[in-house]
There are 2 protein chains.
Amino acid sequence: MTTFFREKLQERGLKVTPQRVAIYEAIVKLNNHPTAENVIEYIKVNHPNISVGTVYKVLDSLVENELLKKVKTEKDIMRYDAVLSNHHHLYCAETDRIEDYEDEKLNKLINEYFIKNKIKNFNVTDIKLQITGKFKNNKK
Amino acid sequence: MTTFFREKLQERGLKVTPQRVAIYEAIVKLNNHPTAENVIEYIKVNHPNISVGTVYKVLDSLVENELLKKVKTEKDIMRYDAVLSNHHHLYCAETDRIEDYEDEKLNKLINEYFIKNKIKNFNVTDIKLQITGKFKNNKK
DNA sequence: TTCCGCAAAGATAATAATTCTTATTTAGTA
DNA sequence: TACTAAATAAGAATTATTATCTTTGCGGAA
């Protein structure tokens, strides 16, 4: 399951350490775009000795090495996402819940739009939609 | 110039104070989506006695009263925007520069798309594009 | 004008998230 | 197995932000 992760680390010249694997697994399992704190809490159960600084450093380096993505919200706490495919986010400001939203048809529509309508003075590398609203079924 | 601002404050039952006016003007003039710190620095010149807490408090209440918007980037510092119309952001991760991007045609396209393709279990209230890339002419 | 009430501002302490520093440990390798 | 650079642990330090408490200043009633 973490084979992909291990390979990608090595590919990047990063050592495969238990802490890195644990942090990555935590993000995958805590699948509501956890904060650093959520990760620490989750990991402490099986890795009681992991250091807070390590979690932050590992998260940073995983983002830098494109194994995780940062997710921004209205709030000032950073959150993380292990889903790397080009996707958007549904965000509920009230409950702070974030859900991934994948929509190939929409991506195509937007890409085509920007091919026809270039933004002057700007080279686009990535387009993300932040869709704010409210989930209908408020099951946690 | 700040007539709109003064009226909106009164409309909301908020007092028109020199600090509020100064902070609002600072955001408008520092038009690269300044941080609270940028605002403080800028204001200190003409209002040397303004308190840091006041700036944060005023920024918060202006956001709450829809006179400013919060903008979040990859960095964890909050930034502010006085442009209230429905617009998107061009963001350069390298230089941290943010520019407003208004595009009515694009808004229409996206709105129409979501009318035809409802997201199940989610009521959309707002859609924002975060367009990441690089500015071509690197004039500051 | 003076006094009262209250919203706002000032000063500064407190908190929360994150970063930094240094010593120690570990993974990958020869 | 031993070596070395990279990674981790521990905790201090920093940074952005929020909270608390006091003081100020303005509008309206006496």
Side-chain angles (χ1 to χ4, degrees), chain A residues 2-3 5-27 33-44 46-65 67-68 70-80 96, chain B residues 5-6 8-27 30 33-44 46-65 67-68 70-80 96:
Chain A
T2 55
T3 324
F5 178 68
R6 288 157 186 280
E7 278 170 5
K8 192 103 184 202
L9 279 182
Q10 284 170 334
E11 193 180 290
R12 297 285 184 144
L14 297 175
K15 289 182 182 170
V16 178
T17 66
Q19 289 87 344
R20 283 180 177 156
V21 174
I23 289 166
Y24 182 75
E25 280 181 340
I27 305 270
H33 308 76
T35 62
E37 217 200 320
N38 297 148
V39 172
I40 292 162
E41 196 187 338
Y42 179 90
I43 285 188
K44 278 271 162 93
N46 294 316
H47 287 250
N49 295 328
I50 201 162
S51 156
V52 172
T54 300
V55 174
Y56 279 101
K57 218 182 309 166
V58 168
L59 287 173
D60 259 17
S61 84
L62 296 188
V63 169
E64 220 167 274
N65 288 282
L67 277 153
L68 293 178
K70 281 192 177 188
V71 184
K72 345 175 213 321
T73 70
E74 324 271 302
K75 302 279 161 46
D76 57 358
I77 306 155
M78 216 33 103
R79 297 170 67 166
Y80 297 87
D96 239 20
Chain B
F5 179 68
R6 289 159 186 278
K8 192 104 184 200
L9 278 183
Q10 286 170 331
E11 191 181 293
R12 296 285 184 145
L14 297 174
K15 289 185 181 163
V16 179
T17 67
Q19 290 87 345
R20 283 182 176 153
V21 174
I23 289 166
Y24 182 74
E25 279 181 342
I27 306 269
L30 293 168
H33 307 76
T35 62
E37 218 200 321
N38 297 148
V39 172
I40 292 162
E41 198 187 336
Y42 179 89
I43 285 188
K44 279 270 161 97
N46 294 316
H47 287 251
N49 295 328
I50 201 161
S51 157
V52 172
T54 300
V55 174
Y56 278 101
K57 226 181 305 170
V58 168
L59 287 173
D60 258 18
S61 83
L62 296 187
V63 169
E64 222 167 89
N65 288 283
L67 278 153
L68 294 178
K70 279 195 178 186
V71 184
K72 184 81 180 286
T73 69
E74 320 275 301
K75 303 279 160 49
D76 57 358
I77 305 158
M78 216 37 100
R79 296 170 68 166
Y80 296 86
D96 235 22

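Below, chains carry the letters A, B, ... as their sequence lines are ordered, and counting in each starts from 1. Remember, it's a predicted structure, so these values are computed and weren't measured experimentally. Atom set for the values below is all heavy atoms of this structure, side chains included, hydrogens, waters and symmetry mates excluded.
In this structure the side chain of D96(A) reaches within 4.5 angstrom of the side chain of R79(A), judged on heavy atoms. Looking only at side-chain heavy atoms (C-beta outward), H33(A) and Y80(A) stay at 4.5 Å or farther from each other. Between I27(B) and L62(B) there is no side-chain heavy-atom pair separated by less than 4.5 Å.
In the 5' to 3' direction, nucleotides of DNA chain D lying under 4.0 Å from heavy atoms of chain A begin and end at dA5(D) to dT17(D).
Between the CG atom of L14(A) and the P atom of dG28(C) there is a distance of 11 Å, given to the nearest Å. Summarising the geometry, the separation between CZ on R79(A) and P on dT18(C) is reported as 12 Å, rounded to the nearest angstrom. Rounded to whole angstrom, the span from the NZ atom of K57(A) across to the C1' atom of dT24(C) amounts to 12 Å. Rounded to whole angstrom, the span from the NZ atom of K72(B) across to the P atom of dA17(C) amounts to 12 Å.
Residues passing the side-chain contact (heavy atoms from CB on, under 4.5 Å) test with V21(A) are T2(A), F5(A), R6(A), V16(A), E25(A), sequence neighbours excluded.
Atoms CD1 and CD1, on I43(B) and I23(B) in that order, are 4.5 Å from each other to the nearest 0.5 Å.
For the pair K15(B) and A36(A), both in contact range of DNA chain C, the more 5′-proximal nearest nucleotide belongs to K15(B).
Counting any heavy atom pair closer than 4.0 Å across all strands shown, T17(A) reaches sugar-phosphate atoms only and no base atom. Within the nucleic acid shown, P48(A) has no heavy atom closer than 4.0 Å to any nucleic acid atom.
Comparing dA17(C), dG10(C), dG28(C) against the side chain of E37(A) picks out dA17(C) as the nearest.
Rounded to 10 degrees, the angle between the two end axes of the helix from dT1(C)-dA30(D) to dA30(C)-dT1(D) is 20°, with five pairs used at each end.
Regarding contacts with the backbone of dG10(C), a side-chain N or O of T54(B) is found under 4.0 angstrom from either OP1 or OP2.
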